[in-house]
Amino acid sequence: MQKFKAWMKKIFTKVNMKKFYFSFIWLMVLLFVVDIVTKWIIIKHFGANHANYGEEIVLIKNFLSITFYTNNGAAFSLLNDARAFWIIVSIVLSSALIAYYVVKYKHLNTVTKVALSLMIAGAIGNMIDRCFYWNSTVGFNGVVDWIQVYLPTGPFPTFNIADSCLVIGVIILLVVLIVDLIKDTLKEGNKEAALKQQNEETKNENNSDQPTESK
């Protein structure tokens, strides 16, 4: 018992807790749980047998509603008729993101860790739906979508927490890549300018060291 207490105390030191916090694994797990729980609540409320399929609970009139739809496609119901393909994509994507996170962890900055945590949570959340929500087992097929937003142009495709995590994670990652690209470009430009200036100074020094011809 004493050894167990000592082991637990060693794990929950300030250093280890800080490392865990900045790993953002807790964020990954939290968002995954929130996604699964909200989908379960929607299924229980509207009924897995689609008795209330498409019924809406209005939160903000003409802007935001809660509803129940399912899709076999990607985020926002894209390519809805390719379920088998998206099951494979979900498994591959989830595995690839986790592998990249683990292998590159020590070299990732904080923002990139947040982006990958969001993407992993979203990918696994929708993968669970695609792999285990079948008509023969739960009464419907595919991913549960329940957030309905209305734009001035009309209703936006329904989505869920996992979709939001994926999209936000990708946007953050793209911003990081663009910022890094701009920094690298500016750094290269500064190096070229410094080298050019150095060459000019060397050339001027060489010219000044040459003896002048007497008349």
Side-chain angles (χ1 to χ4, degrees), residues 11 16-46 48 50 66-149 156-177:
I11 290 177
N16 287 334
M17 291 304 294
K18 186 177 181 180
K19 286 181 179 179
F20 176 74
Y21 178 80
F22 285 104
S23 70
F24 295 100
I25 293 175
W26 60 270
L27 178 63
M28 192 188 305
V29 174
L30 175 63
L31 291 173
F32 169 75
V33 171
V34 170
D35 177 61
I36 295 298
V37 170
T38 52
K39 288 173 179 175
W40 179 82
I41 292 172
I42 294 300
I43 294 169
K44 289 296 181 180
H45 177 80
F46 288 96
H50 286 191
I66 294 175
T67 186
F68 175 38
Y69 286 105
T70 59
N71 81 80
N72 296 319
F76 310 117
S77 301
L78 298 175
L79 297 178
N80 199 30
D81 296 325
R83 182 178 186 185
F85 170 76
W86 287 115
I87 288 175
I88 297 172
V89 169
S90 294
I91 295 172
V92 172
L93 177 61
S94 300
S95 303
L97 287 171
I98 293 172
Y100 183 83
Y101 180 88
V102 172
V103 172
K104 296 290 186 179
Y105 177 78
K106 292 182 179 180
H107 305 286
L108 300 175
N109 59 39
T110 300
V111 179
T112 304
K113 287 178 183 176
V114 171
L116 287 172
S117 296
L118 289 169
M119 294 171 67
I120 291 170
I124 295 177
N126 281 342
M127 181 189 71
I128 295 297
D129 289 17
R130 292 191 179 99
C131 292
F132 297 103
Y133 286 0
W134 293 85
N135 200 30
S136 58
T137 56
V138 294
F140 63 90
N141 295 318
V143 177
V144 176
D145 289 332
W146 58 275
I147 303 172
Q148 178 69 71
V149 174
F156 191 77
T158 53
F159 57 98
N160 54 45
I161 300 295
D163 295 335
S164 302
C165 290
L166 277 168
V167 172
I168 294 171
V170 169
I171 292 173
I172 293 174
L173 201 58
L174 287 175
V175 171
V176 170
L177 292 174

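As a basis for the values below, the full set of heavy atoms in this structure was taken, side chains included, without hydrogen atoms, waters or symmetry mates. Bear in mind the structure is a predicted one, so any value in this text is a computation, not a measurement.
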Quiz item: Got a second to check how far Thr158's OG1 is from Ile147's CD1, nearest 0.5 Å?
Solution: 9.5 Å

Exercise. Look only at the side chain of Gln148 and the backbone of Pro157, and say whether a donor-acceptor pair between them is shorter than 3.5 Å.
Key: no

Quiz prompt | Derivation and outcome, side chain to side chain contact (heavy atoms under 4.5 Å, CB included), residues Ile161 and Trp146 | solution = CA-CA 9 Å; Ile161 300 295; Trp146 58 275; 3.8 Å; yes

Exercise. Only counting residues at least two apart or in another chain, list the ones meeting ring pair (Phe, Tyr, Trp, His ring centres under 6.0 Å) with Tyr105.
Key: Tyr101

Practice problem: Ignoring hydrogens and angles, tell me if any N or O in the side chain of Asn160 forms a donor-acceptor pair with the backbone of Val144 under 3.5 Å. | Solution: yes

Quiz item: Using 30° and 60° as the class limits, which term best fits the ring planes of Tyr133 and Phe140: parallel, tilted or perpendicular?
Solution: perpendicular

Quiz item: Can you list the steps and then say if Ser117 with Leu31 is a side chain to side chain contact (heavy atoms under 4.5 Å, CB included)?
Solution: CA-CA 9 Å; Ser117 296; Leu31 291 173; over 6 Å; no

Quiz item: Does Asn141 offer a backbone N or O that forms a donor-acceptor pair with the side chain of Asn135 under 3.5 Å?
Solution: no

Quiz prompt | Plane angle bin for Phe24 and Phe22 - parallel if under 30°, tilted between 30 and 60°, otherwise perpendicular | solution = perpendicular

Practice problem: Evaluate the side chain to side chain contact (heavy atoms under 4.5 Å, CB included) criterion for residues Asn126 and Trp86: first the C-alpha distance (whole Å), next the side-chain angles of each, then the deciding distance (0.1 Å), finally the verdict. | Solution: CA-CA 10 Å; Asn126 281 342; Trp86 287 115; over 6 Å; no

Exercise. Starting at CD1 of Ile41, measure out to CD1 of Ile66 and round the result to the nearest 0.5 Å.
Key: 9.5 Å

Self-check item: Inter-residue atom distance Ser23.OG - Asn16.CG, 0.5 Å rounding
Solution: 11.0 Å

Exercise. To the nearest 0.5 angstrom, please state how far the CG atom of Asp35 sits from the CG atom of Asp129.
Key: 6.5 Å

Quiz item: What's the shortest heavy-atom distance between Gly169 and Ala115, and which atoms?
Solution: O-CB, 3.5 Å

Quiz item: Atom CD1 in Ile120, atom CG in Leu166: separation rounded to 0.5 Å?
Solution: 10.5 Å

Self-check item: Ile98 side chain reached by Ile124 side chain, heavy atoms, under 4.5 Å
Solution: yes

Exercise. Evaluate the side-chain proximity of Trp40 to Lys44: yes if any heavy-atom separation is below 4.5 Å, no if none is.
Key: yes

Quiz item: With sequence neighbours left out, what residues match Thr112 under side-chain hydrogen bond (donor to acceptor under 3.5 Å, both in side chains)?
Solution: Asn109

Exercise. Using side chain to side chain contact (heavy atoms under 4.5 Å, CB included) as the criterion, point out the one residue from Leu93, Leu173, Ile172 that pairs with Met119.
Key: Leu173

Self-check item: Gap between atom NZ of Lys39 and atom OG1 of Thr70 - 0.5 Å precision
Solution: 11.5 Å

